[in-house]
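Working notes, beginning with the structure itself.
All chains are named by letter (A, B, ...) in the order of the sequence lines, taking the proteins before the strands, and each is independently numbered beginning at 1.
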Number of protein chains: 2
Amino acid sequence: MKKVTMADVAKLANVSKSTVSQYLNKRYEYMSEETRKRIAQAIEELGYQPNVIARSLKQKTTATIGVIVFNMLHMLTTQVLHAIEEECQKRGFHVIICNSNDDPEKEKKYVNMLLAKQVDGLIVFPTGKNEEVYRHLVEERFPLVFVDRMVPGVEVDSVLLDNFKAAEMAVDYLASHGYDRIAIVLPPLVAYNVPRMERFEGFRIAMEKRGFVVDENNIIAVTPALLPDELKKRFAKPERPNALFAINDLTLMGVLRFVKETDICVPEDLAIINIDDVPFADIYTPRLTTIAQPTFSMGKKATEQLFVQIEQKRKGKPRVFRFSPILKERTSIRRKD
Amino acid sequence: MKKVTMADVAKLANVSKSTVSQYLNKRYEYMSEETRKRIAQAIEELGYQPNVIARSLKQKTTATIGVIVFNMLHMLTTQVLHAIEEECQKRGFHVIICNSNDDPEKEKKYVNMLLAKQVDGLIVFPTGKNEEVYRHLVEERFPLVFVDRMVPGVEVDSVLLDNFKAAEMAVDYLASHGYDRIAIVLPPLVAYNVPRMERFEGFRIAMEKRGFVVDENNIIAVTPALLPDELKKRFAKPERPNALFAINDLTLMGVLRFVKETDICVPEDLAIINIDDVPFADIYTPRLTTIAQPTFSMGKKATEQLFVQIEQKRKGKPRVFRFSPILKERTSIRRKD
DNA sequence: TTTAGTTCAGAAAACGTTTTCATAAACCGG
DNA sequence: CCGGTTTATGAAAACGTTTTCTGAACTAAA
C-alpha cells in the first residue's frame, strides 16, 4: 500500500531529502519559513508517513521492547503487562509480547528472535531454566529486568513481591486471630521457582518465630488439580488444620473447590488466606481475606528500571526491588475465641 | 552490544556478503560444500546474528502484526490475545500489543504508529469510534480484522460472538426452567457498541417470541459501578424479576454484589445467567450458569483470517465470523415448579 | 582446439532513513 | 567592495541486509 517516501516529498517540495529529514526531526534552526511551509504542504498532500524501519536501521534503536512471560493467562501477568504497556506508551515505545508457556526452549528462542529484531530492552518473567541465556544477556550489558521470579545465579534488576513478608503476614494475621493449626498449601517445591521457595521459607520461619511447630502433614504440596483430593485426605486425618494459607491464586482455587465439595464452614471451621488478590474476593461468601501484590506498581517499576538501563548503559550492581504485599482484610478469617 | 555484521562473517570466511546472504537463506544451489562449511564456521565463531531490521527494510515485510485492544484487563481480551500469540508463534511472527483503553484518539495514534513500524497486519478490538481510520485501512487494502466488536459502516473481516443467539439462549434457558419475569442488566446502550446492542436486541426478540412482555422496569441499563444500587431500587418496586440476565462479566459482578448486599437467595428467589464464563463460576455458591464465549477459537480464527489477507491480498467481500456461545449449565438456575 | 554449458562467487545497486560536511547565498561592518 | 559571518540547503555516505547481474573457472561436447 504505502509507496510515498521521503524522496517523493523532497521532489514535490523542491528540496533535498536531507532537508525533509531535518524538518521531520524538528531541526528548524536554519530553515526558512518558506521551505518549512513547502515541506509541510508536500507531506500533507502526499499523505507521507516516515518509515520507522529505515530510521531504526540507521539509528540502531527501535523504540520497542520485548516482554516474555511464562504464563499469559495468569492474572498477575495481565496486570503487570497492563502497567508495562502504559509506561511504554508514555515514552512512545511499543511492546512485543511473547509467551514462553514456561518452556525454556521457547523462552530461549524468543530471546534470540527479539534480539535479532533489535529490541531496545527485555522484560522477562523468567522460566528460571535458562541460566546461560540470561547470563549472556548480562555479559553483553543488554537492558534486562526480571519480574515475579528471579534467577539465583544471575545478577539482573528484578522486581518481586516481598515473599517472606507476605508469608509472615499470613501467619501473623492468622495467629493474631487465634488460629493455631495453620497449614500451607502450595504446588510442589522446585528450586528454580524462587517465589515459591521464599513463600514456603517465610512461612516456616514465621511459624517458628510464633512458636508453632510445622507438622509435615500441614505442608500440602501438590499440583493444583490434585488439591481437592489431597485436602480431603488431610482432613480425614486427625489434628485438622483450622487455617489454610494458599500460596497463590491457583492453589486458592483448589482450596475453594475442596471447601465446596465438603461441608466445612469458612471461617467457622476453617480460616482461609492467600497471596494474590482475586477479582471475586469481594463477592464470594465469605468475602476472602487476601494478600494482594501491587501488580501495577510492579509493572511500572520494572519498566522504569528498564529505561534507566536503556538510557545509561547500566551503572552499578543490579538491584532487586521487593514490593510489599497488601493485606486485604475481609471475612474469611474471623477472630477465634 | 551486537557489532558483528554480515560483512564480518564474509571477511572471516573469505567470501562476499552475497554468498553469506545466500547461505543464510538456505539457497545452497550453487554453493560448494567447502564455502558452506567456511561460512558456517565463521558464523559460529563470531556468534553472528542477522539483523532483522535490515532485512525488513529490504524485504518490506516485518513478520510482525499489531494488536490494538480496548481493554487489556478484560478476561476476553487476555484469552483471545493468548490464542493470537500462539498462532503467530507457529508462523514465526511477533505481536505488538497496544491498549487503546477505549479512547479513539489513542487508537488512531496506535494505528498510525504501527503502520509506520511497517507491521504486516492489524487485529483490532475496535473502540468503534474511528470510522475514517478503519475505512482508510480498508481502502489501502491493509490486512485487518476486527474482534469482539464490529463497526457498522466499515467492511472488514470480523470475529464475533453470535450475540443474538447468546441472548436467545439465556432467555430460552430461563423460560424453559419456568422463569417468567426476566430482567436484562447491561451498561447503557450506545450505538457504536455493537455486541451490546445485539445482545439487547436478541433479548427483546427472544422475549417476544416467547410471548413475554419486556417491562421497561426490567431493562436495567446502568454503568456497572451503580448497578447494586440500581438493582436495589428495582427490587423495592413491585413485580420483582425472578431472573436476571447479565450481559457480560462486568455486569455480572454488579449483580453478584447486589445479591451479596441483600438477603435474596439464588436460585430460590432469583435465577442468574450471564454471558462470559468467569473463572470462579464453579466454586461460587451457587455454581454459576453462564454462557461462555469460545475465546480461544475466536483468537485463532482472527489470526488465521489475518494471514489469509496477508498472503493473498484480500480477495472477496469481507466476512463476519459468528461464533456460537456455549451454555455452561451449573446451578444458579433451577427448575421452578 | 574451440564452443557451449555448468557451477560457483563477487560487485553493486537497492531499501528509506539520518547525518556529516561542503558550499552557495546573503549580509555586514569597515 | 572586500573578507568574514551567518543562514540555508544539498550531496553523499552510511546503516545491514537482499537480489540481480556479470563473469571466472571448469567441464563436456564438437
Side-chain angles (χ1 to χ4, degrees), chain A residues 1-40 42-43 46-64 92 112-113 115-120, chain B residues 1-43 46-64 112-113 115-120:
Chain A
M1 67 179 269
K2 191 65 27 75
K3 309 238 69 171
V4 28
T5 139
M6 216 165 70
D8 301 323
V9 177
K11 181 124 50 86
L12 181 58
N14 228 327
V15 297
S16 75
K17 288 189 297 167
S18 343
T19 309
V20 178
S21 176
Q22 305 286 25
Y23 173 86
L24 288 174
N25 294 297
K26 310 204 190 305
R27 306 212 59 82
Y28 298 139
E29 348 260 89
Y30 299 128
M31 194 179 307
S32 68
E33 179 65 13
E34 161 66 4
T35 354
R36 218 176 317 176
K37 283 254 180 60
R38 281 217 312 284
I39 296 177
I43 287 176
L46 297 174
Y48 168 69
Q49 290 253 181
N51 179 330
V52 176
I53 291 293
R55 182 214 309 263
S56 291
L57 177 58
K58 185 74 222 231
Q59 288 188 162
K60 303 164 138 341
T61 174
T62 51
T64 305
N112 289 325
M113 290 177 70
L115 289 185
K117 237 170 198 159
Q118 314 293 118
V119 295
D120 295 335
Chain B
M1 68 178 270
K2 191 67 27 75
K3 309 236 69 169
V4 28
T5 138
M6 215 166 72
D8 301 321
V9 176
K11 181 125 51 85
L12 181 59
N14 228 326
V15 297
S16 76
K17 290 190 296 168
S18 342
T19 309
V20 177
S21 176
Q22 305 286 23
Y23 173 87
L24 288 173
N25 293 298
K26 309 203 189 307
R27 308 210 59 83
Y28 298 138
E29 347 261 87
Y30 298 127
M31 193 180 306
S32 66
E33 178 67 13
E34 161 64 5
T35 349
R36 217 176 319 176
K37 281 256 182 59
R38 280 216 312 286
I39 295 177
Q41 153 93 29
I43 287 177
L46 297 174
Y48 168 70
Q49 290 252 182
N51 179 330
V52 175
I53 292 293
R55 185 215 308 264
S56 291
L57 177 59
K58 185 76 225 233
Q59 288 187 162
K60 306 165 137 338
T61 173
T62 52
T64 306
N112 289 325
M113 291 179 68
L115 289 185
K117 239 172 196 157
Q118 315 291 120
V119 295
D120 295 336

| query | Strictly by modelled atom types, are B:S16 and B:T19 linked by a side-chain donor-acceptor pair under 3.5 Å? | reply |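 Short answer, yes.
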
| said: Taking the nucleotide of DNA chain D with the nearest heavy atom to each, does A:T35 or A:K17 sit closer to the 5' end? | reply: A:T35

Do side-chain atoms of [X] reach the backbone of [Y] as a donor and acceptor pair under 3.5 angstrom?
| X | Y | answer |
| --- | --- | --- |
| A:N51 | A:I53 | yes |
| A:R38 | A:A13 | yes |
| A:S56 | A:V52 | yes |

Within the pair [X] and [N], is there a side-chain N or O less than 4.0 Å away from OP1 or OP2?
| X | N | value |
| --- | --- | --- |
| A:S16 | D:dG10 | yes |
| B:Y48 | D:dT17 | yes |
| A:T19 | D:dG10 | yes |
| B:K60 | C:dG16 | yes |
| A:N51 | C:dC15 | no |

Given atom [atom1] of [X] and atom [atom2] of [N], what is their separation to the nearest angstrom?
| X | N | atom1 | atom2 | value |
| --- | --- | --- | --- | --- |
| A:M6 | D:dA11 | CE | P | 13 Å |
| B:K26 | D:dT19 | NZ | P | 15 Å |
| B:K117 | C:dG16 | NZ | P | 19 Å |
| B:M31 | C:dG10 | CE | C1' | 12 Å |
| A:Y23 | C:dT18 | OH | C1' | 17 Å |
| A:I53 | C:dC15 | CD1 | P | 16 Å |
| A:D8 | C:dG16 | CG | C1' | 11 Å |
| A:R55 | C:dT19 | CZ | C1' | 13 Å |

| query | Out of C:dG16, C:dT7, D:dT17, which nucleotide sits closest to the side chain of B:T5? | reply |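 Out of C:dG16, C:dT7, D:dT17, the nucleotide with an atom closest to B:T5's side chain is D:dT17.
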
| said: Quick check: any donor-acceptor pair below 3.5 Å linking the side-chain of A:K58 to the base of C:dT18? | reply: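 Pair found.
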
| query | Between the base of C:dA9 and the side chain of B:S32, is there a donor-acceptor distance below 3.5 Å? | reply |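 For B:S32, whose side chain was compared with the base of C:dA9, there is no donor-acceptor pair (under 3.5 Å).
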
| Considering heavy-atom distances to DNA chain C, does B:Y28 or A:L57 have its closest nucleotide positioned more toward the 5' end? | B:Y28

| task | For B:Q59 and for B:R36, locate the closest nucleotide of DNA chain C by heavy-atom distance; then report the residue assigned to the nucleotide nearer the 5' terminus. | result | B:R36

| request: Show your reasoning for whether salt bridge (charged side-chain N to carboxylate O under 4.0 Å, His left out) applies to A:E33 and A:R36. | output: CA-CA 5 Å; A:E33 179 65 13; A:R36 218 176 317 176; 3.7 Å; yes

